[in-house]
Number of protein chains: 2
Amino acid sequence: MQKATAEKSDPIAAQLAPVGRETVQDRVYLELRRALIGGLFEPSQVLTIRGLADALMTSTMPVREALGRLITEKALEALPNRSVRVPPITLERMDDLLRARTLIEGEAIALAATRMTSRQIATIEAMLGEWDEMRALKHKKDVDREVTLNQAFHFEIYRACGSAVLIPMIESLWLQSGPCIRVAIYAFSDAGEVDTAHYHRTIVKAIAAQDAKEARDALVADISRPFAFLRSKLEAEAKEGMSV
Amino acid sequence: MQKATAEKSDPIAAQLAPVGRETVQDRVYLELRRALIGGLFEPSQVLTIRGLADALMTSTMPVREALGRLITEKALEALPNRSVRVPPITLERMDDLLRARTLIEGEAIALAATRMTSRQIATIEAMLGEWDEMRALKHKKDVDREVTLNQAFHFEIYRACGSAVLIPMIESLWLQSGPCIRVAIYAFSDAGEVDTAHYHRTIVKAIAAQDAKEARDALVADISRPFAFLRSKLEAEAKEGMSV
DNA sequence: TTATTTGATTTGTGATCACACTTGCATTGA
DNA sequence: TCAATGCAAGTGTGATCACAAATCAAATAA
């Protein structure tokens, strides 16, 4: 019995879960992904291989490969100096990202709206409740939790679209817009919280009714908001920079 | 004068082109990309780091990093055995890829249709002529050249859409559908050539007229064809497999 | 003959090292 | 005082090695 595959005849194997063998590189990659989507790095911040390796308590090898992967999906940027940084925010890039996100995530939610099972719908409804719960005790604004919950809500829907091609593209888009979004949420967290829950409720309602068009519209409104916030902030800063 | 930046005041610097410093890893990555889009690897083929390193005449280091990057953009697939292969063809994946491509490339060409300068339009018109030229001496069917020219034509248009976010996504989609397309072209190269030129002419005409909708429709028809070919081939094989 | 086991080879992963380039700072010169 | 020079620390890249896991083939047992 040298085989690695679990055999039904083995009564012990049936009780054991496969232990999995994820590599250090994968852990580093996923950790950096999490940090980027969560906005833990700020735009234009420069990252060094050895610095990250120290922080993550590994050698440079897994880090450099993870950085390379993040650069190819445009989550990070390779400077001509060969140093790498998280891409800076510009108005053009924001608009570009928003257009791509409405296009692709809109398509994904339209597909999901006609495919989600009642069980899946129940899951995102439960998330709605979790959201209200968090908002109830809003004495401390827990931006991290807010971001995480928002991500979980959206991807629970996207997963249901059934497209193995669209979902990675959406993840890439979130990776790219993560740093921007965090800046927007920080700047407008008070104004943002209320509306987010409202839009999410609209989305759930539309999906429950299997109304693809309504779901898409609600989603577009949801993801457009932080971009609009950020845009107004950037424009204000630009104007201020002019006058000073 | 230690500075690396070219200075206008220096009469010598004005005549020298920057030498550039692309890494071995980049060359390996681009070479593998080219091979994948061109369909030089066949679906389900397994690739080894040391094998590629020998073929490319480098050490394993640049190759493994390039493979990692290609895996993150789904151009290659990491098996649980930790070996990597080019993804196999399935009907579901084909439909998935086609849907994503019509969605995103359709949007890109619609944007390009309203933005292309007369100079850019002249460029793709010239490509049309090149296509006819190649078809004129079709005694030997040069599939490589056909694939290359087709790619150049499409990306000349996509580049004009002005979206730094959409273009890399399109490249990723071509990377993923490259192996499938090559199989389709090989199987139906005789039937394919004529129509390709026709659709490309329609596309150019629509763009020249700045008709975004017509351009999108023509593009969708163009990229749907090889997928439809491949689909009929796969279905035929599946039926054959049933009866045998 | 067929199934299992054993051993040799191949393969991916991570660590370490050498080298070249960049960057920052102190020193030197006008 | 200010710019240019030179040195030192830091950083990315590629090569090589050690190790564990996987694969394949021959040998053995049923």
Side-chain angles (χ1 to χ4, degrees), chain A residues 1-10 13 16 18-32 41 44-72 75-87, chain B residues 1-7 9-10 12-13 16 18-32 41 44-72 75-87:
Chain A
M1 159 71 177
Q2 193 89 316
K3 302 170 66 177
T5 57
E7 298 184 4
K8 293 183 177 57
S9 59
D10 192 333
L16 264 51
V19 61
R21 275 193 321 120
E22 73 175 348
T23 63
V24 178
Q25 178 190 153
D26 288 333
R27 277 201 294 276
V28 171
Y29 174 69
L30 291 175
E31 183 63 19
L32 291 180
F41 299 129
S44 299
Q45 182 178 351
V46 174
L47 304 178
T48 67
I49 293 180
R50 286 177 172 89
L52 290 173
D54 289 344
L56 295 166
M57 306 246 294
T58 71
S59 75
T60 62
M61 185 62 57
V63 175
R64 58 198 268 192
E65 303 199 343
L67 286 185
R69 292 167 69 178
L70 290 168
I71 289 172
T72 63
L76 294 176
E77 193 180 30
L79 275 61
N81 325 336
R82 296 200 171 165
S83 62
V84 7
R85 69 170 176 186
V86 12
Chain B
M1 165 72 175
Q2 194 87 319
K3 300 172 68 176
T5 56
E7 297 183 4
S9 59
D10 193 333
I12 297 181
L16 292 171
V19 62
R21 275 195 319 122
E22 74 175 348
T23 64
V24 177
Q25 179 191 153
D26 288 333
R27 278 199 294 276
V28 171
Y29 173 71
L30 291 175
E31 184 62 19
L32 292 179
F41 299 131
S44 298
Q45 181 178 351
V46 174
L47 303 178
T48 66
I49 293 179
R50 285 175 173 89
L52 290 174
D54 288 347
L56 295 166
M57 305 244 293
T58 70
S59 76
T60 62
M61 185 61 58
V63 175
R64 59 198 269 193
E65 303 199 343
L67 286 185
R69 292 167 68 178
L70 289 168
I71 289 171
T72 62
L76 295 176
E77 193 180 28
L79 275 60
N81 326 336
R82 294 195 174 170
S83 61
V84 6
R85 69 171 176 187
V86 12

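Convention: sequence-line order gives letters A, B, ...; per-chain numbering from 1.
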Notebook entry, point to check: For B:Glu77, which residues count as a side-chain hydrogen bond (donor to acceptor under 3.5 Å, both in side chains) partner, sequence neighbours excluded?
Noted result: B:Arg85
Next item on the list: Could you tell me whether the side chain of B:Leu52 reaches within less than 4.5 Å of the side chain of B:Leu32, counting heavy atoms only?
Entry: yes
Checklist line | Minimum side-chain heavy-atom gap A:Glu65-B:Leu67 below 4.5 Å | finding: no
Notebook entry, point to check: Which value, rounded to the nearest 0.5 Å, describes the distance between A:Arg69 atom CZ and B:Ile71 atom CD1?
Noted result: 7.0 Å
Note to self: Across nucleotides 12-18 of chain C, 5' to 3', mark each nucleotide with B, S or - according to how protein heavy atoms within less than 4.0 Å reach it.
What the structure shows: BBBBB--
Note to self: If the condition is side-chain contact (heavy atoms from CB on, under 4.5 Å), which residues does B:Ser59 pass it with, not counting sequence neighbours?
What the structure shows: B:Met61, B:Pro62
